[in-house]
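Read the structure below first, then the notes.
Position 1 is the first residue of the sequence; numbering continues from there.
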Amino acid sequence: MTNSSPSPATDRRTVLRGSLAASAALALPTTAAVAVAGTVAGAAPAQARSGRPSADWGVQSGDVTSSSGLVWIRSDRPARMLVETSATDSFRRARTWHGPLLGPGTDFTGTTPLRGLPAGEQVHYRVTLADPDDPRRTSEPVYGTFRTAPARRRQGVRFLWSGDIAGQGWGINPDIGGYRAYDDMRRLDPDFFLCSGDTVYADGPLVPSVTLPDGRVWRNLVTEEKSKVAETLDEYRGQFRYNLLDHNVRRFNAQVPTIVQWDDHEVRNNWYPGQILDDVRYREKDVDVLAERSIRAFGEYFPVPTLRARGEDRRMHRVVRYGPLLDVFVLDMRSFRNANSPGRQADDTTGILGAEQLDWLKRELSQSRAVWKVIAADMPIGLVVPDGTANIEAIAQGDPGAPLGRELQIADLLRHVKHRRITGTVWLTADVHYTSAQHYEPEGAAFKDFAPFWEFVSGPLAAGGFQANALDGTFGPNRVFVQAPDRANVSPMESPQYFGEVDIDGGSGELTVRLRAEGNKVLFSKVLKPGRVGQ
């Protein structure tokens with residue numbers, strides 16, 4: 001197919017976006033010593049440096065709704081976070097928000113919640129860091145922008161999704177311009193970006209260079225933390241800090257708010273609660289200890305409101321309500337799952353979501369009044385994702401018969417959607433490192449008590465590409481489209497990176513999904529009609 005231009009929704013935006021993005025495209029953060037074709041230690045804030053605070057890591061915004069959002073920043077030393085918001089880039093009549101004191105307890109990161117924002121409006125913000133001992137000593141302001149969700153459906157909604165960043169040994173390569181797909185996504189100017197997991201590869205060390213099959217050399221930007229598997233809290237922090245070294249990421253973050261979730265590589269490949277590792281690379285063998293360190297660092301480096309809570313209230317799964325057209329149900333298919341196994345249990349109440357999260361999801365779906373209900377899953381439903389030679393990592397286990405193992409939970413959920421006549425459900429995911437579209441149809445399924453639905457897969461965004469996974473017939477998936485490499489771990493220099501686009505028209509309510517490749521080429525497009533239980 002040919003390239004597609006951004007939708008007319010782009011015209012809503014102000015011309016300002018370019019100047020704000022440019023101001024956020026800072027030089028390589030000076031607080032992180034890095035090297036190309038070499039490893040240099042030292043990525044901690046330079047607290048001993050004289051002068052004013054600095055915010056070289058850019059800004060982010062996240063979980064934006066019609067009236068609220070969060071703004072994130074990182075300092076190079078202790079500082080007070082101050083946020084100003086305005087309807088214009090002149091910052092006349094600006095509103096000031098007093099944020100937290102940033103210190104070593106959060107790796108000098110901080111998030112400020114913004115509430116009472118106007119719906120459906122462009123919000124311009126700038127963040128300044130003030131010396132806690134002398135408020136007159138402030139950093140240069142860092143600028144960003146986002147658009148709040150509309151209060152009326154006629155404005156429409158357009159967002160992107162993908163996942164899988166810096167995986168399989170492919171990190172930031174300055175020779176090719178870094179993470180180029182982020183610049184492609186920024187140019188489409190979406191309302192927000194849904195990051196579908198594997199936001200980092202904490203278990204995937206980088207080496208300075210890799211020789212490709214055709215003789216070319218891939219060069220990685222390498223930091224101390226990215227040269228080994230992450231185990232300590234500081235090492236996990238370094239994993240999340242790494243991607244912010246890329247100028248494309250920082251420009252994107254300043255322009256596009258995110259909704260983010262995790263999967264396995266934020267901790268360790270194919271992990272599950274209670275796992276004890278048999279891996280010589282790890283001194284810490286208890287995965288629960290590693291996961292606790294990772295989720296703390298995750299909450300420090302991404303603006304996620306539910307991770308700001310303490311104790312049992314802290315969680316990854318949540319609903320982000322984006323106006324009357326859209327609710328995004330962000331799942332956590334990692335923290336509550338049972339152990340990976342062959343997946344042939346005839347009774348499984350824990351599954352991949354855990355009983356409590358499944359009840360939460362059924363309840364929230366039933367209560368949602370949005371036209372479209374996007375289920376943001378960090379793993380696919382009907383694609384067979386193995387863990388070694390015997391066990392299953394995702395849901396499908398390759399047996400096309402009646403639901404077994406984790407499939408039992410999905411059958412329960414799909415039955416609930418059908419019998420409660422919940423309209424407009426669409427599943428989005430990443431994880432498998434190629435792009436595809438599956439239509440699940442009860443007529444060809446072993447389990448038939450569900451309404452038809454679509455699952456769309458995109459990614460990687462900056463990682464190795466892999467061959468397409470086998471399908472499991474339990475829920476009758478029909479692979480309508482797929483584009484994948486013909487071998488494992490194809491570098492981003494050899495295979496395009498992928499992301500998806502969802503465009504909801506405010507007039508008709510139709511939802512259009514476009515699967516895109518790097519360079520903004522549209523590979524596949526599907527239009528879905530609103531108000532239907534099944535598509």
R158/D191 ion pair, N-O < 4.0 Å:
no
CA sep, side-chain torsions, deciding dist, call: F499, F193, ring pair (Phe, Tyr, Trp, His ring centres under 6.0 Å): CA-CA 10 Å; F499 58 92; F193 171 59; 8.4 Å; no
Side chain to side chain contact (heavy atoms under 4.5 Å, CB included) filter on A149, not counting sequence neighbours, yields S66, Y322
- Message: The test is side chain to side chain donor-acceptor pair (under 3.5 Å); show your working for T109 and D107 and say whether it passes.
- Response: CA-CA 5 Å; T109 66; D107 201 28; over 6 Å; no
Verify the distance criterion only: is there a donor paired with an acceptor across the side chains of D189 and Q255 at less than 3.5 Å?
yes
Sequence neighbours excluded, the answer for side-chain hydrogen bond (donor to acceptor under 3.5 Å, both in side chains) partners of T65 is S68
Which of L331, V260, L307, T306 passes side-chain contact (heavy atoms from CB on, under 4.5 Å) with M316? Answer is L307
**Request:** Determine yes or no for a side-chain-to-main-chain donor-acceptor pair under 3.5 angstrom, with S139 supplying the side chain and L129 the backbone.
**Result:** yes
Sorted by chain and number, sequence neighbours left out, side-chain hydrogen bond (donor to acceptor under 3.5 Å, both in side chains) with E494 holds for R487, S491
- If we only count heavy atoms from C-beta on, is the V249 to L244 side-chain gap below 4.5 Å? yes
CG of D246 to CG of N243, rounded to nearest 0.5 Å, is 7.5 Å
task: Take T199 and E266 through the side chain to side chain donor-acceptor pair (under 3.5 Å) test and state the conclusion after the steps.
output: CA-CA 7 Å; T199 58; E266 286 84 357; 2.9 Å; yes
Do the side chain of Y242 and the main chain of R237 share a donor and acceptor less than 3.5 angstrom apart? no
R318 side chain near V304 side chain, heavy-atom distance below 4.5 Å:
yes
ask   = Has the side chain of N220 got a donor or acceptor atom that lies under 3.5 Å from a matching backbone atom of L206?
value = no
- Message: Under a 4.0 Å threshold between the charged nitrogen and the carboxylate oxygen, would R241 count as salt-bridged to E235?
- Response: no
Heavy-atom closest pair (P132 atom, P78 atom, distance to 0.1 Å) is CD-O, 3.4 Å
Residues at least two apart in sequence or cross-chain that pass ring-ring contact (aromatic ring centres under 6.0 Å, His included) with F302, listed by chain then number, are F240, F298
Item checked: Side-chain donor/acceptor of Q497 to backbone N/O of A462, under 3.5 Å -> yes
(request) Inspect the surroundings of CD in E356 and state if more than 12 heavy atoms from other residues, nucleotides or ligands are less than 6.0 Å away. (result) no
By salt bridge (charged side-chain N to carboxylate O under 4.0 Å, His left out), R80 pairs with (sequence neighbours left out) none
Donor-acceptor pair, S209 side chain versus W218 backbone, under 3.5 Å?
no
**OP:** Apply salt bridge (Lys or Arg N to Asp or Glu O under 4.0 Å) to the pair D184 and R516, showing each step before the final yes or no.
**Re:** CA-CA 10 Å; D184 291 335; R516 291 182 178 267; over 6 Å; no
* To do: Check the angle between the aromatic planes of F336 and H317 and answer parallel, tilted or perpendicular using the 30° and 60° thresholds.
  => perpendicular
Applying side chain to side chain contact (heavy atoms under 4.5 Å, CB included) to P100 and not counting sequence neighbours gives M81, L102, T112
Y143/D89 under side chain to side chain donor-acceptor pair (under 3.5 Å): CA gap, chis, key distance, verdict:
CA-CA 9 Å; Y143 294 86; D89 63 339; over 6 Å; no
Between F146 and F192, does the ring centre distance come in under 6.0 Å? no
Item to complete: Answer yes if the ring centres of W262 and W271 are under 6.0 angstrom apart, and no otherwise.
Response: yes
* Asked: Should the pair R147-E121 be classified as a salt bridge under the 4.0 Å nitrogen-to-oxygen rule?
  -> no
Residue set satisfying side-chain hydrogen bond (donor to acceptor under 3.5 Å, both in side chains) with Q60, at least two apart, ordered chain then number -> none
How about CD on E140, more than 12 heavy atoms from neighbouring residues, nucleotides or ligands closer than 6.0 Å, or not?
no
The reported gap from NZ in K285 to CG in D278 (rounded to nearest 0.5 angstrom) is 7.0 Å
Taken in chain and number order and not counting sequence neighbours, the residues that satisfy side-chain hydrogen bond (donor to acceptor under 3.5 Å, both in side chains) with S368 are D327
- Message: Ignoring hydrogens and geometry beyond distance, is a side-chain donor-acceptor pair present between E393 and N340 at under 3.5 Å?
- Response: yes
side-chain hydrogen bond (donor to acceptor under 3.5 Å, both in side chains) pairs touching residues 90-105, sequence neighbours excluded, are T85-W97, T88-S90
Can you find a heavy atom in the side chain of D378 that is under 4.5 Å from one in the side chain of T429? no
Across all chains, not counting sequence neighbours, the ring-ring contact (aromatic ring centres under 6.0 Å, His included) partners of F329 are none
So salt bridge (charged side-chain N to carboxylate O under 4.0 Å, His left out) across residues 307-317, not counting sequence neighbours, yields E292-R314
Q.
If we ignore hydrogens and angles and just use 3.5 Å, is the side chain of R137 paired with the main-chain N or O of G51 as donor and acceptor?
A. yes
Are R268 and D279 close enough for a salt bridge, meaning some N to O gap below 4.0 Å? yes
One should read off an interatomic distance between L461 CG and D164 CG, to the nearest 0.5 angstrom, of 8.0 Å
Say whether D234 and T232, considering side chains only, have a donor N or O and an acceptor N or O under 3.5 Å apart. no
* Judged by atom type as modelled, is there a donor-acceptor pair below 3.5 Å linking the side chain of R180 to the main-chain atoms of N248? -> no
Begin from the C-alpha positions of N269 and D203 and carry the test side chain to side chain donor-acceptor pair (under 3.5 Å) through to its verdict. CA-CA 7 Å; N269 186 44; D203 60 331; 5.1 Å; no
Item to complete: Could you walk me through whether Y272 and N338 pass side chain to side chain contact (heavy atoms under 4.5 Å, CB included), step by step?
Response: CA-CA 7 Å; Y272 50 83; N338 51 20; over 6 Å; no
Between the CD atom in E300 and the CH2 atom in W72, the distance rounded to the nearest 0.5 Å is 10.5 Å
Residues passing the salt bridge (charged side-chain N to carboxylate O under 4.0 Å, His left out) test with D263, sequence neighbours excluded, are R334
Quick one: does any side-chain atom of E225 pair with a main-chain N or O of G238 as donor and acceptor, under 3.5 Å?
no
Report task. Would you mind checking if D56 and R74 are paired as a salt bridge, meaning a charged N to carboxylate O distance below 4.0 Å? Result -> no
| said: Centre-to-centre under 6.0 Å for Y301 and Y236, is that the case here? | reply: no
_Set out, in order, the CA-CA distance, both residues' side-chain angles and the distance that settles salt bridge (Lys or Arg N to Asp or Glu O under 4.0 Å) for R52 and D131, then state yes or no._
CA-CA 7 Å; R52 302 172 184 272; D131 188 316; over 6 Å; no
